[in-house]
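Below is one structure, written out as structure tokens, with a few remarks after it.
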Amino acid sequence: MHIGVCRVKLYLPESRSLKDKRRVIKSIITRLRNKFNIAIAEIEAQDMHQSAILAAVSVANEQKFVSQIIAKSVRFIEENTSVVLLDYETEFFF
């Protein structure tokens with residue numbers, strides 16, 4: 001079993017309230033779950049309206065597959081125009 005965990009730090013420049021932030025983050029989370037079949041949640045900075053920290057997890061029987069899914073998920077977030085990807089870190093467990 002191979003597990004990939006990715007922690008993603010985001011900036012939401014157009015967010016003026018927590019309601020705006022939740023709308024954007026919920027949309028991103030839903031699309032990532034549907035497109036890549038990953039577990040993802042907001043784990044920090046819930047009360048800051050222009051910052052978000054997400055954690056995404058993928059589990060599979062091949063490390064290559066887990067690595068690809070995590071990389072595609074990060075690329076998907078980078079291409080999203082409503083957020084700015086500030087930083088991310090990935091860990092793999094075997």
Side-chain angles (χ1 to χ4, degrees):
M1 173 173 60
H2 299 276
I3 302 167
V5 180
C6 185
R7 186 174 182 268
V8 181
K9 186 173 182 180
L10 302 174
Y11 173 65
L12 294 84
E14 297 176 13
S15 177
R16 302 291 177 236
S17 67
L18 289 176
K19 188 175 181 179
D20 289 344
K21 174 190 172 179
R22 288 187 187 110
R23 180 183 47 80
V24 172
I25 296 300
K26 185 175 181 179
S27 172
I28 291 170
I29 287 173
T30 301
R31 288 185 287 154
L32 284 167
R33 280 184 184 149
N34 292 338
K35 188 171 180 111
F36 300 109
N37 193 26
I38 59 173
I40 185 167
E42 184 177 8
I43 59 168
E44 293 178 37
Q46 284 104 340
D47 294 334
M48 300 176 69
H49 70 275
Q50 289 191 318
S51 296
I53 299 176
L54 306 178
V57 179
S58 180
V59 179
N61 60 349
E62 293 182 25
Q63 191 243 339
K64 182 179 178 182
F65 181 75
V66 171
S67 181
Q68 288 175 347
I69 291 296
I70 295 293
K72 287 178 182 179
S73 299
V74 169
R75 206 170 311 118
F76 180 84
I77 293 170
E78 283 179 321
E79 294 170 356
N80 190 314
T81 58
S82 57
V83 297
V84 176
L85 178 69
L86 297 177
D87 190 24
Y88 71 95
E89 56 187 53
T90 305
E91 290 184 66
F92 296 98
F93 303 94
F94 310 102

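In terms of heavy atoms, Ala52 sits closest to Ile25 at CB-CD1, 3.6 Å. What you find for Ile70 and Ala56 is that their closest heavy atoms are CD1-O, 4.2 Å. Between Val66 and Ile3, the closest heavy-atom pair is CG1-C, 4.0 Å. Here the shortest heavy-atom pairing between Leu12 and His49 reads CB-O, 4.4 Å.
Open room surrounds CD on Glu14; 12 or fewer heavy atoms of other groups in view lie less than 6.0 Å from it.
Side chain of Gln50 to main chain of Pro13: a donor-acceptor pair is present (N/O by atom type, distance under 3.5 Å, no hydrogens or angles). In this structure, Ser73 contributes its side chain and Ile69 its backbone to a donor-acceptor pair below 3.5 Å.
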Take Ser58 and Phe36, measure what side chain to side chain contact (heavy atoms under 4.5 Å, CB included) needs, and give me the verdict at the end.
-> CA-CA 9 Å; Ser58 180; Phe36 300 109; over 6 Å; no
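For the side chain to side chain contact (heavy atoms under 4.5 Å, CB included) criterion with Leu10, the lone passing option out of Leu86, Asn80, Ile77 is Ile77. For the ring-ring contact (aromatic ring centres under 6.0 Å, His included) test with His2, the passing option among Phe92, Phe94, Phe93 is Phe94; the others fail.
No continuous path of ILVMFWY side-chain contacts below 4.5 Å connects Val5 to Leu54, so the two sit in separate hydrophobic clusters. Residue Ile53 is not grouped with residue Val24 when hydrophobic side chains (ILVMFWY) are merged at heavy-atom distances under 4.5 angstrom, including chains of intermediate members. Hydrophobic clustering (ILVMFWY, side-chain heavy atoms < 4.5 Å, transitive): Val74 and Tyr11 are in distinct clusters. Residues Leu85 and Val57 do not share a hydrophobic cluster, defined by chaining ILVMFWY side chains whose heavy atoms lie under 4.5 Å apart. Taken together through direct or relayed side-chain contacts under 4.5 Å among Ile, Leu, Val, Met, Phe, Trp and Tyr, Phe76 and Val83 form part of one hydrophobic cluster.
To the nearest 0.5 Å, atoms OG (Ser15) and CE (Met48) are separated by 11.0 Å. Rounding to the nearest 0.5 angstrom, the gap separating the CD1 atom in Ile29 from the CD atom in Glu42 is 6.5 Å. If you take NZ on Lys21 and OG on Ser51, they are separated by 7.0 Å, rounding to the nearest 0.5 Å.
Look at Glu44 and Arg7 and you find a salt bridge, because one of the NZ, NE, NH1 or NH2 atoms lies within 4.0 Å of a carboxylate O, short of that distance.
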